[in-house]
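A note on names: the letters A, B, ... follow the listed sequences, proteins ahead of strands, and every chain is numbered from 1. Worth saying up front: this structure is predicted, and the values here are computed from it rather than measured.
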Amino acid sequence: MRGQRVARGAWLLVAATILVGLVVSSMMAPEFVDPPNFDLRNAGPFTAPPMGVDDRGIPLHQYAMQGAGIVTLPALASGFLVMALATFAGLIRCAGFNWIDTAIQSVGELLGSLPRLVVILVIALMLPPDWKILLPIGLAWALLAAPNAMDEAASTAGRLGGERFVEALRAHGFSAPRIYLYHVVWLNLRAVIVRQGAEVMMQVVFLEIALSYLAVSRNEPSFTHSDGIYSWATLLYQGYTALLSTRDPLWHSAFFGLMLVALVALMAQSFRLAARAR
Amino acid sequence: MSWWIRPLVRLIAAIMLPIVVPAVITAALWILPGDPAEIICPPGICDGTAALAARWGLDQGPVNFYMNWMANAVTGEFGNSWRVSQGYSVSLLLWESIPKTAMLVLLAMIPLVTGSALAARGWMPKRVDPLWQLIGLVPAVILALICAAIVQINFGAMSNDGWPGMLRLLFGALVLGFADSAFAGAVIGTRSVFEEEFKQRYVQIAILRGETVLSNALPNVLPALIGQFRGRMLHILSGAVIVEVVLGIPGLGELLWDGTLMQDFGVVLAAAWGFALLSGGMLLAQGLSEVLIELYVRKAPPGVGKAAAEAA
């Protein structure tokens, strides 16, 4: 039991460290990257620490920090939105509001009936030029992902006993806030809610990378950020194109791009493991 | 909740989707700042905005545009592309791209269906699950990039026909089948549905009666399995956009991406309508199969009704 608690604490520490790193990077991200310095072009991380520079001599860590600035807030907001909706669905199942439960399931059915990326592209098309940021796209993704999360949270609450579980705890003399917030949400729904929120956070980051990569590969502006800012997709694109061309391969660009993707995946998994049920 | 509510919601959604999706896009076209015709033909860049508006039916308001578009769409006529392939028929663009996407989706379903079948039979060991989950953590765009690099290094960037073209399709299917937890979800999802059902008392009684477990449990788990299958199809269709663009597969996803990037509402409307029709069809199939399965499960086996009446 104690071992499990220690393991959960360790995973939480890993997740929190990565998240804090992301938040700090996003807050310290430069508004514009340094001007090109062709004397340093393609220098690796040992010559131009911490991440090296690209083929124009621009430090890669500035791209990484700007990328963190693009994804951190929208990913967090999307994760929290899904967590809030999943908590709501779980509580509704326990509170016994059957008609709301049915309405939620029906809305979820409608929302989840189209391929998510198709909806995202249509939303991206509708966004005015001034709104080329990840937040509306991330929130839309969260809304589309929410039905699954809500369904799972409601099923978990249902397995718990739903209304009968709450009645039993009331008979023990517990107050309503303690029953709903502590016994239902914290002790029983936490694992599902945190996992779904962390997964959506990760998906929003990956969505940004994918959308920006597809845009940069076509030499078009991205839907997720303004033209002067670089996404993590830039690192992947530079690494990939240099790998295929006759130029010196930018291995460090590809490496750090993949590392950032892996860090986000590790953060989501760490949150999941930290919140897993006893 | 009564058993018929969910199928009914699905049937209503299936009918509504192809009507609502173009309506929303049309509304957006008029809500966006500026005249819709000016989006296609910005006044500073090109002349004849009014003529173009008349040609594309943009001069008579959103309702007229929508009604005309729907009336033409039902007959398979989607007008011409505004920007992606200016002047080229959108119907032709669609007919050229749909087979590629259909092939990609069908190929991607092979590992998923195989994984589900093996998990249902208990032939997929649980201890391998972490491996599938680990592979599933890799985003589709990364896996697709690795596959694209392999094809481009071996066959060149413009290798879209013959074996390299087929290889792109196979790699695309592999990416869709395994990335973003698709395979892990199929295996673990199917297994958990069956494991839950196998705990039911009627299954244990069926074992005592010498009957097969699968034949008893299958009708009861089919609705859940069909729901999971539809979810996976949607997941694959969603991922197809990324995979097609990265791997250079000229499918419906790539067409939609190009349309979105270039603000070609003609292409986006038609492609989104195609996706809506497909999603509606899947919802309809799920709803109808749920109704049929429910009727089958509720139908008492021959002799049971009579025996129950005699016992009463």
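- For a residue to count as touching a neighbouring chain, one of its non-hydrogen atoms must lie under 4.5 Å from one of that chain's; by this rule B:A271 does not touch chain A.
- With a threshold of 4.5 angstrom between heavy atoms, A:L236 approaches chain B through side-chain atoms but not through N, CA, C or O.
- Between B:D180 and A:R116 there is no salt bridge, since no side-chain N of the basic residue sits under 4.0 Å from a carboxylate O of the acidic one.
- Between B:A149 and A:Y240 the shortest heavy-atom distance is N-OH, 3.4 Å.
- If you measure heavy-atom distances from B:V21 to chain A, the contacts under 4.5 Å come from the side chain alone.
- Under the 4.5 Å side-chain criterion, counting only non-hydrogen atoms from C-beta, B:F265 is in contact with A:L125.
- Contact record, B:F275 with A:P115: CD2-CG, 4.0 Å, taken as the closest heavy-atom pair.
- Proximity to chain A (any heavy atom under 4.5 Å) is restricted, for B:I142, to the side chain, taken from C-beta onward.
- The contact between A:L258 and chain B is made entirely by side chain atoms (from C-beta outward), counting heavy-atom distances below 4.5 Å.
- Heavy-atom proximity under 4.5 angstrom to chain A picks out B:L234, B:L237, B:S238, B:V241, B:I242 from residues 234-242 of chain B.
- Contact residues of residues 197-206 of chain A toward chain B are A:M202, A:F206 (heavy-atom distance under 4.5 Å).
- Taking both residues in full, the closest heavy atoms of B:L283 and A:S113 are given as CD1-CB, 3.4 Å, listed atom of the first, atom of the second, then distance.
- For the pair A:E220 and B:L261, the tightest heavy-atom approach, listed with the atom from each and the gap, is CG-CD2, 3.4 Å.
- Interface residue A:V261: only side-chain heavy atoms are found under 4.5 Å from chain B.
- Interface check for chain A: of the options B:L8, B:L17, B:V268, the most heavy-atom pairs under 4.5 Å are formed by B:L17.
- Taking chain A as the reference chain and counting heavy-atom pairs below 4.5 Å, the highest number among B:L256, B:I153, B:T260 is found for B:T260.
- Here A:A210 is the residue among A:A210, A:A233, A:G112 with the most heavy-atom pairs under 4.5 Å with chain B.
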